[in-house]
There are 2 protein chains.
Amino acid sequence: MKVLIVEDDPLHRSYLHEAVSAALPECETVIEAESGTMGEKLARDHRSAHVVMDLQMNNRNGIEAARTIWKERPDTRILFWSNYSDEAYVRGVSRIVPDGAAYGYVLKSASDERLKLALRSIFVEAQCVIDREVRGMQQKSLGQTRGFSDSEYEILIDIALGLTDRAIARRRGLSLRSVQNRLQQLYEKLDVYQTASDDHEDSRFNLRARAVTVAMLRKLLNYSALERAESELAEWLKQV
Amino acid sequence: MKVLIVEDDPLHRSYLHEAVSAALPECETVIEAESGTMGEKLARDHRSAHVVMDLQMNNRNGIEAARTIWKERPDTRILFWSNYSDEAYVRGVSRIVPDGAAYGYVLKSASDERLKLALRSIFVEAQCVIDREVRGMQQKSLGQTRGFSDSEYEILIDIALGLTDRAIARRRGLSLRSVQNRLQQLYEKLDVYQTASDDHEDSRFNLRARAVTVAMLRKLLNYSALERAESELAEWLKQV
DNA sequence: GTAGATGATGCGGGAACCTGCAAGACGCGC
DNA sequence: GCGCGTCTTGCAGGTTCCCGCATCATCTAC
């Protein structure tokens with residue numbers, strides 16, 4: 001077995017290296033990449049079937065790297081190892097995992113044992129292993145009660161990018177009023193009205209900008225999600 | 001000498017511990033805190049004069065922790081050790097450092113030597129040590145050519161928080177038109193107009209929201225800056 | 001002192017945003 | 001079919017935002 005490690009922090013990289021060696025005696029070679037782009041290249045060159053991937057990296061985001069790797073070989077097994085369980089990351093990962101692929105999501109705060117167990121489960125048994133905390137996030141996100149539907153998330157991203165109502169309408173193939181409807185839903189769910197209609201009605205928020213910030217603070221959005229959305233937007237702008 | 005380490009990642013914490021022991025033989029005790037709040041408490045209890053502080057932490061941000069530590073004892077020497085040289089962090093740090101205090105800012109990507117040298121310079125010689133890259137950021141920020149003045153930064157934060165023009169005017173003691181003037185300056189500097197007035201004038205951006213996102217992508221703003229701004233806002237809202 | 005630069009303020013208008021009301025469209029269960 | 005809920009769309013209105021034009025105060029340089 002050959003394992004590819006993609007992680008830009010040298011400390012964490014060597015820690016992972018040791019963990020992999022310890023957990024997988026059948027693994028002969030461990031390759032290391034220190035950025036997302038490097039990871040893609042090495043995965044291609046070595047036809048890696050087993051990857052451990054950091055999510056937050058400077059050069060190229062782990063989600064991006066995973067996406068191109070999976071596009072080339074969808075049966076690659078990838079273990080995501082991340083500091084955070086932000087909804088933005090969790091959602092980003094589950095958007096790109098191919099049908100039937102084995103993958104895992106383990107937090108860096110997890111114990112040695114948990115990490116090693118996850119390594120064996122995914123790489124040897126081809127089982128999916130999702131950290132409990134992350135799992136909870138998924139439930140909340142996919143469940144309809146307090147979570148966000150895809151359409152709501154979509155429009156959240158659109159206003160975060162700074163698009164006009166009209167631009168959103170064209171991009172998503174909706175009428176202007178529908179866009180505004182979804183915005184109202186979003187405002188409702190994000191609870192942006194709280195301090196808005198106070199005693200005197202002047203201490204008000206700009207709902208659109210406020211929604212983005214609240215989403216940020218609640219970790220529905222984060223930097224890397226913005227980055228991805230921005231590049232998708234640029235692509236779309238080119239087409240039109 | 002006694003050194004307090006505030007860092008939430010166990011790997012980095014133990015690495016720091018070793019580096020401190022190696023660089024400072026005169027240091028008898030090393031204390032570790034795994035969160036900002038914990039760091040504040042330990043600094044208070046032990047009257048720490050020498051602190052190594054991570055900036056990005058889950059529980060309580062390094063800047064917040066440093067602020068309360070410096071408020072209680074302004075002659076504390078703090079070495080910030082961070083992954084990033086985001087303008088948001090650099091600006092955040094230089095806003096809170098007391099007059100004449102010795103502090104340092106070293107990136108985690110720096111070499112062992114650099115870190116140890118910085119430790120000696122700050123804790124023994126009471127010199128300020130700022131990483132070159134960070135320094136460059138400071139220059140760009142304080143210099144007026146491409147950088148942002150304080151007033152522009154202020155208004156950037158205000159719209160990021162989602163305040164109305166009117167609310168900003170009251171908060172900053174300005175007229176409505178002045179606020180809008182500054183907004184125009186900001187839009188100019190952030191170059192938000194680029195794709196705005198394209199061929200047909202409908203593929204447009206909402207300048208206000210777009211400005212925030214562009215600032216995010218350029219790392220003028222980041223999560224922790226938002227967090228701080230949000231709590232300051234909450235305080236201000238209580239007063240009024 | 002005069003001229004020029006910078007910044008704060010007021011006014012007005014056009015565009016974008018937010019929302020209440022109401023009419024269709026679609027699917028689902030009975 | 002019929003009723004119900006959800007989603008979409010249009011219209012109208014009030015509010016907020018964006019900005020050009022103009023005035024005034026302050027400060028600097030010559």
Side-chain angles (χ1 to χ4, degrees), chain A residues 143-145 147-156 158-198 200-214, chain B residues 143-145 147-214:
Chain A
Q144 49 280 44
T145 345
F148 287 69
S149 73
D150 280 349
S151 66
E152 283 155 357
Y153 191 70
E154 226 171 32
I155 208 162
L156 169 61
D158 286 338
I159 62 170
L161 287 173
L163 293 174
T164 335
D165 289 5
R166 188 173 282 111
I168 301 176
R170 276 199 297 129
R171 184 176 188 199
R172 305 297 182 186
L174 290 173
S175 77
L176 220 159
R177 187 58 178 97
S178 296
V179 170
Q180 295 172 329
N181 256 341
R182 293 193 174 179
L183 279 175
Q184 275 185 275
Q185 281 178 255
L186 185 68
Y187 297 154
E188 200 83 32
K189 286 223 181 157
L190 285 175
D191 200 20
V192 180
Y193 299 101
Q194 39 173 6
T195 41
S197 60
D198 236 49
H200 16 335
E201 78 269 337
D202 46 7
S203 89
R204 239 212 178 102
F205 283 115
N206 174 333
L207 297 179
R208 175 172 288 241
R210 183 68 184 161
V212 175
T213 301
V214 169
Chain B
Q144 50 281 47
T145 344
F148 287 69
S149 73
D150 280 349
S151 66
E152 283 154 356
Y153 191 71
E154 228 172 31
I155 208 162
L156 169 60
I157 285 191
D158 285 339
I159 61 169
L161 286 173
L163 292 174
T164 331
D165 289 5
R166 188 175 282 113
I168 300 176
R170 278 199 296 128
R171 185 177 188 198
R172 305 296 182 188
L174 290 173
S175 77
L176 219 160
R177 187 58 177 97
S178 298
V179 170
Q180 296 172 329
N181 256 339
R182 293 194 175 179
L183 278 175
Q184 276 185 271
Q185 283 177 254
L186 185 70
Y187 297 153
E188 200 84 31
K189 286 221 181 158
L190 286 176
D191 198 19
V192 181
Y193 299 102
Q194 38 174 7
T195 41
S197 60
D198 236 48
D199 29 314
H200 19 338
E201 79 268 335
D202 45 5
S203 88
R204 242 215 178 98
F205 282 115
N206 174 331
L207 296 178
R208 175 172 288 242
R210 183 69 184 160
V212 176
T213 300
V214 169

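Numbered from 1 within each chain, the chains take letters A, B, ... in sequence-line order. As a basis for the values below, the full set of heavy atoms in this structure was taken, side chains included, without hydrogen atoms, waters or symmetry mates.
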Non-hydrogen side-chain atoms of Asp191(B) and Val214(B) separated by less than 4.5 Å: no
Rounded distance (Å) that lies between atom C1' of dC19(D) and atom CZ of Phe205(B): 20 Å
Under 4.0 angstrom between Ser178(B) side-chain N/O and dT9(C) OP1 or OP2: yes
Stepwise side-chain contact (heavy atoms from CB on, under 4.5 Å) check, Leu174(A) with Arg182(A): CA-CA 11 Å; Leu174(A) 290 173; Arg182(A) 293 193 174 179; 3.6 Å; yes
Interatomic distance, Asp150(A) CG vs dC7(D) C1' [rounded to whole Å]: 16 Å
Separation of dC17(C) P from Arg204(A) CZ (nearest whole Å): 17 Å
Sugar-phosphate, base or nothing in reach of Leu176(A), heavy atoms under 4.0 Å: nothing
Check: dG20(C) base within 3.5 Å donor-acceptor of Arg177(A) side chain: yes
Atom-pair distance (CD on Gln184(A); C1' on dT9(D)), nearest Å: 14 Å
Nucleotide of dT19(C), dT9(C), dT8(D) approaching Leu174(B) most closely (side-chain heavy atoms): dT9(C)
Sugar-phosphate, base or nothing in reach of Arg172(B), heavy atoms under 4.0 Å: nothing
Tyr193(A) vs dT19(C): side-chain N/O to OP1/OP2 distance below 4.0 Å: yes
Verdict with supporting geometry, Ile159(A) and Asn206(B), side-chain contact (heavy atoms from CB on, under 4.5 Å): CA-CA 8 Å; Ile159(A) 62 170; Asn206(B) 174 331; over 6 Å; no
Per Leu207(A) side chain, nearest of listed nucleotides dG10(D), dC18(C), dC18(D): dC18(C)
Value in whole Å for how far the C1' atom of dA25(C) lies from CG of Asn181(A): 14 Å
Sugar-phosphate only, base, or nothing, as touched by Leu183(A) at under 4.0 Å among non-hydrogen atoms: sugar-phosphate
Inter-residue atom distance Arg171(B).CZ - Thr164(B).OG1, 0.5 Å rounding: 12.0 Å
Global bending angle along the helix from dG1(C)-dC30(D) to dC30(C)-dG1(D), which compares the axes of five pairs at either end, to 10 degrees: 30°
First of Gln185(B) and Asn206(B) reached from the 5' end of DNA chain C, by closest nucleotide: Gln185(B)
Interatomic distance where CZ belongs to Arg182(B) and C1' belongs to dC17(D) [whole Å]: 18 Å
Side chain of Gln180(A) - closest among dT19(C), dA16(C), dC18(D): dT19(C)
Spatial distance of atom CD (Glu154(B)) from atom CG (Leu186(B)) [nearest 0.5 Å]: 12.0 Å
Rounded distance (nearest 0.5 Å) linking atom CG of Asp158(A) with atom CG of Leu156(A): 9.0 Å
N/O donor-acceptor pair under 3.5 Å between Arg204(B) side chain and Leu163(A) backbone: no
